[in-house]
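No experiment lies behind these values; they were computed from the predicted model shown.
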Amino acid sequence: MLKNLGKKLTKEQQKSINGGYTNIFCNTHRDCWESIHYAFPGDFSCVKRYGSFYGTCVPN
């Protein structure tokens with residue numbers, strides 16, 4: 001892990017860090033990890049705003 005220290009991130013890695021997955025709408029946590037092909041249970045959570053019918057996927 002330390003051997004990668006100082007290397008530039010790929011566009012996909014940077015997108016995930018910058019919250020690029022927040023445009024995925026969900027109703028449950030399961031919707032998140034089924035929509036993102038390399039995600040596993042616990043990697044993303046479905047966060048709903050108060051009064052909203054749906055939420056967005058946020059990395060944990």
| query | Which pair of heavy atoms, one from Phe44 and one from Cys32, lies closest together, and at what distance? | reply | CB-CB, 3.8 Å
| said: For the CH2 atom of Trp33 and the OG1 atom of Thr28, what is their distance to the nearest 0.5 Å? | reply: 8.5 Å
| field | Pairs satisfying salt bridge (Lys or Arg N to Asp or Glu O under 4.0 Å), at least one member in residues 32-58, at least two apart | value | Arg30-Glu34
| query | Would Cys26 and Cys57 satisfy disulfide bond (SG atoms under 2.5 Å apart), going step by step from the backbone distance to the final call? | reply | CA-CA 7 Å; Cys26 58; Cys57 295; 4.0 Å; no
| query | Going through the checks in order, is the side chain to side chain contact (heavy atoms under 4.5 Å, CB included) test met by Asn60 and Ser45? | reply | CA-CA 7 Å; Asn60 289 335; Ser45 295; 2.6 Å; yes
